[in-house]
Amino acid sequence: MKKDISVLKTLNVLIVEDDEIVLNELFATTSILFKEVFTARNGQDGYLIFEFNKIDIILTDIKMPILDGIGFVNKIREKNSECPIIVLSSYSEQSTLLKMLNLGVDGYLIKPIEFYELVETLLRASRLYSNKTARLIYFNNNKLFNTATKELFCNGQYIELGSKELLLLELFINNQNKTLSKNDIISTLWPLDEITDSALKGVLNRLRKKIGEEHIINVKGFGWKFSID
């Protein structure tokens, strides 16, 4: 559970809900769980936010002014078939909810929304996101790397990677458990430049400190091997 919740801290959520009280309650909860929370009071504004921001999970009401939930989900699915969508519904909207499910939404919550039910539903949605769009690499000490966003986190806190550190990490991930020589690394990180051994070791050491030294193993006389086992 702890590892799953840390994944939410790498994602952005969009909440589309016209009820101000419900919207504020959801914002307060999701702000603790997610990297960034976007909100809209109708489907039209929600779609504009989706178009111009990186949104990983959507929570949407059904009955809204200007553009309702059905129209909003239709527009999203025309543009993106993978983003997990969770519908917020009242008991009186069950027939409409069935239509929403047929549009390809990934779950629903009945109002009033219980905290633990909300968290469990969001965790399921985050797993859908991970399966569809990204590979999450887990390191020791609660660190993870999102291959889709190219971001490293520790306990939900962003860790900045330099450009060479990122290139090296991606090279290691793509060659997991394979020994990479000095020339293998240099040809990827500095294809057009002459580079000193100290510069190479500097990048290796900085990356080791950020992901955990045990994940980059020195193979004496041959190079370095990356392992997350």
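No experiment lies behind these values; they were computed from the predicted model shown.
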Basic-acidic side-chain contact under 4.0 Å: Glu51, Lys79: yes

Taking all non-hydrogen atoms of both residues into account, name the closest pair between Ala125 and Pro84 and its distance. O-CG, 3.5 Å

Besides Val219, the hydrophobic cluster formed by Ile, Leu, Val, Met, Phe, Trp and Tyr side chains linked at under 4.5 Å, directly or via other members, contains Phe222

Kindly state each residue pair satisfying ring pair (Phe, Tyr, Trp, His ring centres under 6.0 Å) with at least one member in residues 161-180, sequence neighbours excluded. Phe172-Phe226

Would you mind listing the cluster partners of Ile21? Hydrophobic ones only (ILVMFWY), side-chain contacts under 4.5 Å, chaining allowed. none

Could you pull out all residues at least two apart from Asp197 that satisfy salt bridge (charged side-chain N to carboxylate O under 4.0 Å, His left out)? Lys182

Identify the two heavy atoms, one from Leu167 and one from Thr188, that lie closest to each other, and give their separation to 0.1 Å. CD1-O, 4.4 Å

State, to 0.1 Å, how close Cys83 and Ile55 come at their nearest heavy-atom pair, and which atoms those are. SG-O, 3.9 Å

Interatomic distance, CG@Leu189 vs CG@Leu171, rounded to 0.5 Å, equals 7.0 Å

Does this structure show an ion pair linking Glu151 with Lys35, if we count only N-O contacts that are shorter than 4.0 Å? yes

Quick check on side-chain contact (heavy atoms from CB on, under 4.5 Å): which of Asp56, Leu152, Asn146 does Thr10 satisfy it with? Asn146

Which heavy atom of Gly43 sits nearest to which heavy atom of Phe72, and what is that distance? O-CD1, 3.3 Å

Of all the heavy-atom pairs spanning Asn42 and Met64, show the shortest one and how long it is. CA-SD, 4.0 Å

So that I can tick it off, tell me whether Lys111 and Asp61 are bridged by a salt bridge, with the cut-off set at under 4.0 angstrom between side-chain N and carboxylate O. yes

Checking Lys75 now: which residues fulfil side-chain contact (heavy atoms from CB on, under 4.5 Å) with it, not counting sequence neighbours? Tyr47, Leu67

Testing Thr29, Leu26, Ile15 for side-chain contact (heavy atoms from CB on, under 4.5 Å) with Val37, which one passes? Ile15

What residues form a side-chain hydrogen bond (donor to acceptor under 3.5 Å, both in side chains) with Ser31, not counting sequence neighbours? none

Which atom of Gly46 lies closest to which atom of Val16, heavy atoms considered: CA-CG2, 4.1 Å

Assess whether a salt bridge exists between Lys210 and Glu165, defined as any Lys/Arg side-chain N lying under 4.0 Å from an Asp/Glu carboxylate O. yes

Given salt bridge (charged side-chain N to carboxylate O under 4.0 Å, His left out), test Asp184 with Lys225 step by step and report yes or no. CA-CA 12 Å; Asp184 291 332; Lys225 182 171 66 173; over 6 Å; no

